[in-house]
Amino acid sequence: MQLYNTKTRRLEHFTPQDENRVGLYTCGPTVYDYQHIGNYATYIRWDLLVRVLKESGYTVDWVMNITDVGHLTGDVDEGEDKLQKGANREGKTAWDIAEFYTKDFFRNLHDLHVQQPTHTPRATQHIPQQIKLVQALEKRGHTYIIDDGVYFDTATFPAYGELAKLKLDSLQAGARVGVNPQKRSPWDFALWKFTPKGQKRDMEWDSPWGKGFPGWHIECSAMSMEYLGSTLDIHAGGIDHLPVHHVNEIAQSEAATGVPFANYWLHSNHIMIDGAKIAKSDGNGITPHDLSKQGFSPLDLRLLFLQSHYRSSANFSRDALQAAHKRRLALQAFADLRFQLKEGAQLAANDFSDVQAAMLTELQNDLRTPEAFAALSGLVDSAETYLVAPDAKQAFDGFLAFLDRIFGLQLAGSTDITAEQKELIAKREQARGAKDFEHADTYRQELAAQNIELRDTPLGSIWQRR
RNA sequence: GGCAUCGUGGCGGAGUGGUUACGCGAAGGUCUGCAAAACCUUUUACACCGGUUCAAUUCCGGUCGAUGCCUCCA
């Protein structure tokens with residue numbers, strides 16, 4: 001398997017530390033609001049990575065964190081989110097808000113057929129581990145304390161910023177707002193923040209340095225190492241995390257352990273809407289729920305995101321989603337041919353195995369989904385024309401199972417049409433044979449009313465759902 | 001201001017130094033009882049200007065444009 005490693009900026013052959021097991025960490029959501037479709041695009045892509053790794057014979061330990069702490073103070077009232085404001089008005093706490101959005105997040109992942117990660121640790125449930133990691137850094141002389149927290153001293157970590165190829169001299173620190181002037185360097189970041197004097201936060205814990213809460217980066221290091229050890233095989237995340245979050249994760253992790261934090265770094269690019277980044281502040285933070293209300297299935301969205309490569313910045317639009325929806329229906333119609341095997345059909349077992357091999361090859365080459373789908377399209381077209389013979393049933397079923405394993409589109413999850421519907425089709429065939437086209441069309445219309453369309457082939461009628 | 005990335009046909013989206021990506025859509029046609037499907041044709045595809053080359057969308061340089069990051073952000 002080949003993966004593009006941000007660490008080296010090139011395609012590399014992937015080799016895990018253990019022969020058959022892969023330790024994968026992916027940055028999860030901060031649960032203070034609904035996740036938009038761009039967020040989910042990233043999780044769908046890492047789900048694909050896990051699926052392809054499994055298909056390649058690996059066992060995958062997948063850890064995805066839930067950031068349920070950070071900036072939720074007791075009197076949050078910023079941003080435009082009405083529910084959050086409402087929650088505050090109703091006297092809810094940061095804990096309630098985190099719980100609400102965590103549930104929403106997992107429900108959406110389920111609907112999008114993203115597999116359940118092996119572990120989904122909450123930051124609030126791993127405070128001791130985070131404190132321990134900060135203590136280790138303190139012991140090794142990588143920290144200093146100022147009035148609002150314990151900070152990581154980037155000057156003590158010469159490799160700081162290497163992953164993102166940061167040129168610290170040329171970065172414009174002055175553009176930042178709210179920089180604590182006591183920081184030794186603008187790049188230093190908080191490991192532990194103190195609760196401001198006279199304040200009481202919903203979320204705060206005791207620590208050796210005083211009451212407070214963990215910094216924004218330390219949870220990922222603490223929890224990934226807790227479950228996967230000091231060196232991860234793969235650390236994946238959104239491209240936006242590269243220059244700050246991932247750079248800081250590396251610094252604090254490697255400074256504490258002395259060993260490489262991750263062997264492979266994967267970054268997914270952003271989904272754009274109308275050529276611009278998705279941002280709630282711009283009012284384009286579309287959620288899967290918004291699309292459901294418009295009649296789209298979560299699987300339409302899943303297919304749309306799988307059609308583009310994870311490293312390119314894909315553009316979302318209604319038309320593109322509609323196109324994906326229709327493509328999915330066509331794929332479903334292809335899968336439903338398994339209920340309509342025809343004697344004399346021409347598709348043979350090796351037609352499926354050849355395409356399966358070709359698709360897997362593309363996916364193992366840095367998850368090249370566009371090429372994999374292109375390879376599939378040829379077969380779908382052939383199947384539509386030549387149909388599938390009964391003696392290819394096993395191969396066909398096996399192929400559909402393969403498609404569901406790698407793409408998660410649930411193609412083999414459909415059911416056959418009912419006996420009544422089959423009866424209608426038979427009646428229509430009879431009427432047609434007798435050149436009673438009036439009745440034949442009546443039967444066809446009856447089926448159409450049940451969202452079933454017919455097309456006639458030399459081997460008989462074929463139905464497909466709309 | 002600094003650092004990056006990218007500009008492909010109506011839309012989405014791959015890829016390549018010389019041959020149809022693929023999907024969705026539109027127009028015409030063949031076929032069909034009518035449809036559907038399929039097939040054929042059309043819808044002037046690779047931002048612009050130079051350069052290298054027998055040959056560039058594909059390499060090099062420049063121009064213009066778009067976007068991202070530098071601040072929590074998938």
Side-chain angles (χ1 to χ4, degrees), chain A residues 26-30 32-33 35-46 67 70-71 78-79 161 164-179 186-187 216-217 236-245 267-272 275-281 285 303-305 307-331 333 362 368-378 380-387 431-432 435-438 440-441 444-445 448 453-458 461-464 466:
Chain A
T26 60
C27 289
T30 302
Y32 68 103
D33 200 347
Q35 300 290 296
H36 56 63
I37 56 173
N39 302 116
Y40 287 111
T42 300
Y43 306 122
I44 287 170
R45 284 160 165 178
W46 300 142
T67 301
H71 49 282
E78 44 188 69
K165 298 195 183 300
L166 297 183
K167 292 171 189 164
L168 302 184
D169 301 343
S170 61
L171 286 172
Q172 199 175 54
R176 297 148 60 111
V177 288
V179 175
W187 325 121
W216 297 303
H217 310 289
I239 188 97
D240 54 303
H241 281 318
L242 174 54
V244 178
H245 181 56
H267 288 95
S268 69
N269 215 320
H270 285 319
I271 301 296
M272 318 279 276
K277 182 181 141 172
I278 301 177
K280 279 186 287 288
S281 54
L303 176 57
L304 176 63
F305 292 148
Q307 284 183 117
S308 61
H309 189 79
Y310 77 97
R311 282 193 285 118
S312 70
S313 62
N315 200 30
F316 174 88
S317 69
R318 180 63 42 78
D319 286 351
L321 182 61
Q322 181 63 29
H325 171 70
K326 297 198 80 158
R327 187 179 207 177
R328 191 174 65 79
L329 287 185
L331 289 174
E362 294 294 357
R368 289 169 35 132
T369 47
E371 284 80 2
F373 275 108
L376 176 60
S377 287
V380 171
D381 281 352
S382 310
E384 224 164 309
T385 309
Y386 302 114
L387 306 180
R432 281 187 74 221
K435 296 206 185 297
D436 178 4
F437 299 121
E438 206 175 311
D441 286 351
R444 188 165 65 192
Q445 281 159 17
E453 282 204 340
L454 296 179
R455 62 190 172 92
D456 296 324
T457 76
S461 294
I462 295 291
W463 58 263
Q464 108 174 47
R466 288 195 58 81

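Throughout, a chain's letter reflects where its sequence line sits, starting with A, and its residues are numbered from 1. All figures in this text were calculated on a predicted structure; none of them were measured in a lab.
Look at the P atom in both rC49(B) and rU71(B): the space between them is 39 Å, to the nearest Å. Rounded to the nearest Å, the gap between the C1' atom of rC64(B) and that of rG12(B) is 25 Å. Nucleotides rC73(B) and rG65(B) are separated by 32 Å at their P atoms, to the nearest Å. rU52(B) sits 11 Å from rG61(B) when the C1' atoms are compared, rounded to a whole Å. rA56(B) and rC46(B): their P atoms are spaced 14 Å apart (whole Å). If you take atom P in rG2(B) and the same atom in rG23(B), they sit 45 Å apart, rounded to whole Å. Taking atom C1' on both rG10(B) and rA27(B), the two are 12 Å apart, rounded to the nearest angstrom. Nucleotides rG1(B) and rA55(B) are separated by 40 Å at their P atoms, to the nearest Å.
L242(A) and H267(A) make their closest contact through CD1-CE1, 3.6 Å (heavy atoms, listed as atom of the first residue, atom of the second, distance). When all heavy atoms of I462(A) and T457(A) are compared, the pair lying nearest together is CG1-CG2, 3.9 Å. Here the shortest heavy-atom pairing between I37(A) and I278(A) reads CG1-CD1, 4.0 Å.
The side chain of S317(A) lies closest to rC11(B), out of rC11(B), rA74(B), rC22(B). Nearest to the side-chain atoms of L304(A) among the listed nucleotides rA37(B), rC22(B), rG12(B) stands rG12(B). Comparing rU67(B), rG23(B), rA74(B) by their nearest atom to the side chain of M272(A) picks out rU67(B). Side-chain atoms of P370(A) lie closest to rG13(B) of the nucleotides rG23(B), rG13(B), rA74(B). Distance from the side chain of R368(A) is smallest for rG15(B) among the nucleotides rG15(B), rG23(B), rA74(B). Picking from rA74(B), rC24(B), rG13(B) the nucleotide with the shortest atom distance to the side chain of D240(A) gives rA74(B). Of all nucleotides listed (rA74(B), rC70(B), rA36(B)), rC70(B) comes nearest to the side chain of V244(A). Listed candidates were rA74(B), rG33(B), rC69(B). Nearest to the side chain of A440(A) is rG33(B).
Looking at which nucleotide of RNA chain B each of T457(A) and F437(A) is closest to, the 5′-most match is held by F437(A). Sequence order on RNA chain B of the closest nucleotides to I271(A) and R432(A) puts R432(A) first from the 5' end.
The side chain of K277(A) contributes no N or O atom lying less than 4.0 Å from OP1 or OP2 of rA74(B). When the side-chain nitrogen and oxygen atoms of K326(A) are compared with OP1 and OP2 of rG23(B), none of them lie within a distance under 4.0 Å.
Here the side chains of V244(A) and H217(A) are in contact, with some heavy-atom distance below 4.5 Å.
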Open item on the list: Test side-chain hydrogen bond (donor to acceptor under 3.5 Å, both in side chains) on R45(A) and T369(A); report intermediate values, then the result.
Closed with: CA-CA 10 Å; R45(A) 284 160 165 178; T369(A) 47; over 6 Å; no
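The separation between Q322(A) atom CD and rA26(B) atom C1' is 15 Å, rounded to whole Å. Taking atom CD1 on I278(A) and atom C1' on rU67(B), their separation rounds to 14 Å, with Å as the unit. Per the geometry, CZ belonging to R318(A) stands 17 Å off P belonging to rG25(B), to the nearest Å. We find that CG of L321(A) is positioned 18 Å from P of rG23(B), with the value rounded to whole Å. As a whole-Å value, the separation of Q464(A) CD from rA38(B) C1' is 13 Å. One atom, CD of E453(A), and another, C1' of rA35(B), lie 9 Å apart when rounded to the nearest Å.
Base pairing of rG17(B): no nucleotide in any strand meets the Watson-Crick or G-U wobble criterion (both distances under 3.5 Å). In this entry rU58(B) has no Watson-Crick or G-U wobble partner, no candidate having both defining distances under 3.5 Å. For rC6(B), the paired nucleotide is rG65(B), the pair qualifying as Watson-Crick or G-U wobble because both relevant distances are below 3.5 Å. In this structure, rC39(B) forms a base pair with rG29(B), meeting either the Watson-Crick or the G-U wobble geometry with both donor-acceptor distances under 3.5 Å.
Within the 4.0 angstrom heavy-atom criterion, only backbone atoms of the sugar-phosphate kind lie near S312(A); the bases stay farther away. Within 4.0 Å (heavy atoms only), Y40(A) reaches no atom of the nucleic acid at all. Here E384(A) lies in heavy-atom contact (under 4.0 Å) with sugar-phosphate atoms only. Residue contacts shown for D456(A) include a base, since a base heavy atom lies under 4.0 Å away. As judged by a 4.0 angstrom heavy-atom cut-off over every strand, H309(A) is placed among residues touching the sugar-phosphate backbone only. Among the heavy atoms of the strands, none lies under 4.0 Å from A324(A).
Judged by distance alone, the side chain of N269(A) and the main-chain N or O of S312(A) form no donor-acceptor pair under 3.5 Å. R455(A) contributes a side-chain N or O that, together with a main-chain N or O of E384(A), makes up a donor-acceptor pair within less than 3.5 Å.
In the interface, the side chain of H241(A) is not paired with the base of rA74(B) through any donor and acceptor atom under 3.5 Å apart. If you check distances only, the side chain of D441(A) does reach the base of rG33(B) with a donor-acceptor pair under 3.5 Å. Interface remark: the R444(A) side chain does form a donor-acceptor pair with the rA35(B) base, using a distance-only criterion of under 3.5 Å.
Under a 4.0 Å N-O distance rule, the pair D456(A)/R432(A) qualifies as a salt bridge.
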